[in-house]
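Below is one structure, written out as structure tokens; comments come after it.
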Amino acid sequence: MSLAPVPELPGIGPRENLRDRIRAALRAAIISGELEPGVVYSAPALGTQFGVSATPVREAMLDLVKEGLVVPQPNKGFRVTEVSEEDLDHLAAVRLLIEPRAVRESVSVIPEDDFSGLRRLAQDIVDAAERGDLVGYVEADHVFHLTLLGYSRNPVLVDVVSGLRSRTRLLGLTPLLQSGRLGRSAAEHHELLDFIQARDPVGAELMMHRHIGHVRGLWAGGAEGTT
């Protein structure tokens, strides 16, 4: 366990609740591997990187302690928790039970007028991939999927999936970016919307199943999933 220098992280833009914004950025940095498992990061160093004081960073980190993403280290900072291969298998298995079916059932209820907004959210993911912004990619991906699942009108389901996604680690994002495959993965979000907008529930369900397979496979740092 070591106290590490902070990697380059994006600045925090204006938002009503600074703590929420920092928490989301830190969560995305942990999931993407920009903040490395097993490493201790100090709130003052992170605050400098974000261009804010240590206080909102410390508050955001305490929120992430409750999510199981970090563990406080007295007089040092916060250690990023590690997730085993078995944990990743279990997380992916539960997501596969929930999300494809939820998307299938939402196909018929999404208003046509909402697709322009959903397309913008999907494009945010593509744009982040093109910039090589892994933290922005994870955060945009999080917003897109939870927005889509919101059409299930089941807030418990959305909360459960949000928790599962937060516990996932996508340590394979950097190799994907370097190989040029991250852009193709990002484009899958538009493909998913193509099926939904065509009112094809079976196609949307299968596409979502394939997409989650990537989370456990290429995105998590292993071989591409077979699901």
Side-chain angles (χ1 to χ4, degrees), residues 1-95 128 131-143 145-146 158-178 182 215-216 218-222:
M1 182 176 67
S2 59
L3 184 62
V6 179
E8 288 294 325
L9 297 173
I12 295 296
R15 184 167 164 175
E16 183 177 346
N17 191 323
L18 182 61
R19 175 175 176 171
D20 287 349
R21 180 68 181 135
I22 293 173
R23 181 175 63 244
L26 289 172
R27 183 189 294 115
I30 291 169
I31 292 171
S32 69
E34 293 293 287
L35 295 182
E36 299 178 26
V39 175
V40 177
Y41 296 94
S42 72
L46 288 167
T48 298
Q49 187 66 254
F50 285 132
V52 301
S53 71
T55 298
V57 174
R58 190 173 292 109
E59 292 173 344
M61 278 294 203
L62 289 173
D63 290 339
L64 296 181
V65 169
K66 298 174 184 177
E67 296 182 21
L69 293 179
V70 295
V71 177
Q73 303 295 301
N75 303 317
K76 291 184 178 180
F78 297 85
R79 175 175 57 84
V80 177
T81 57
E82 299 175 84
V83 179
S84 70
E85 292 293 315
E86 184 178 27
D87 290 336
L88 290 173
D89 284 337
H90 292 164
L91 290 167
V94 176
R95 289 187 60 192
R131 294 193 307 270
D133 178 4
L134 297 184
V135 174
Y137 183 99
V138 170
E139 190 170 355
D141 182 73
H142 187 84
V143 171
H145 283 282
L146 293 191
V158 175
D159 285 346
V160 168
V161 172
S162 178
L164 293 170
R165 291 177 61 85
S166 293
R167 293 167 61 190
T168 299
R169 301 299 166 84
L170 307 179
L171 304 183
L173 285 181
T174 296
L176 274 183
L177 177 64
Q178 294 170 344
L182 186 60
V215 173
R216 182 60 194 103
L218 289 172
W219 293 5

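A quick note: this is a predicted structure, and the numbers were derived from the prediction, not measured.
Taking all atoms of both residues into account, the shortest heavy-atom contact from G136 to A128 is C-CB, 3.8 Å. Residues L18 and P56 come closest through the heavy atom pair CD2-CG, 4.0 Å. Minimum interatomic distance between R58 and P44 (heavy atoms only, all atoms of both residues): NH2-CD, 4.3 Å. Pairing each heavy atom of I31 with each of R165, the nearest pair is CD1-O, 3.6 Å. Scanning both residues, A24 and E139, for their nearest heavy atoms gives CB-OE2, 3.6 Å. Pairing each heavy atom of G68 with each of T81, the nearest pair is O-OG1, 2.9 Å.
V160 places a side-chain heavy atom less than 4.5 Å from the side chain of L164. Using a 4.5 Å heavy-atom threshold, the side chains of V70 and L64 count as touching. A 4.5 Å side-chain heavy-atom check between L26 and I22 finds at least one atom pair inside the cut-off. Counting heavy atoms from C-beta outward, R79 and Y41 have side chains that stay 4.5 Å or more apart. Side-chain contact between Y137 and R131: absent, with no pair of heavy atoms (C-beta onward) separated by less than 4.5 Å. Within the 4.5 Å cutoff, side-chain heavy atoms of F50 are placed close to those of V57. Side-chain atoms of P37 and V83, non-hydrogen and from C-beta on, never get closer than 4.5 Å to each other. Side-chain contact between L173 and L182 is present, with at least one heavy-atom pair separated by less than 4.5 Å.
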Could you check E36 against I30 for side-chain contact (heavy atoms from CB on, under 4.5 Å), going step by step and ending with a plain yes or no? CA-CA 7 Å; E36 299 178 26; I30 291 169; over 6 Å; no

List the steps, then state whether side-chain contact (heavy atoms from CB on, under 4.5 Å) holds for S32 with L170. CA-CA 5 Å; S32 69; L170 307 179; 5.7 Å; no

Might you work through the side-chain contact (heavy atoms from CB on, under 4.5 Å) test for V161 and H145, ending with a clear yes or no? CA-CA 9 Å; V161 172; H145 283 282; over 6 Å; no

Could you go through H142 and S166, starting from their C-alpha distance and side-chain angles, then the distance that decides it, and tell me whether this counts as side-chain contact (heavy atoms from CB on, under 4.5 Å)? CA-CA 9 Å; H142 187 84; S166 293; 4.3 Å; yes

Audit row: D87, R169, salt bridge (charged side-chain N to carboxylate O under 4.0 Å, His left out) steps and yes/no: CA-CA 10 Å; D87 290 336; R169 301 299 166 84; over 6 Å; no

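The side-chain contact (heavy atoms from CB on, under 4.5 Å) test with F78 singles out one residue from L69, L62, L46, and that residue is L62.
With sequence neighbours excluded, no residue satisfies salt bridge (charged side-chain N to carboxylate O under 4.0 Å, His left out) with R167.
Note on residues 60-70: pairs passing salt bridge (Lys or Arg N to Asp or Glu O under 4.0 Å), not counting sequence neighbours, are R19-D63, R23-D63, R27-E67.
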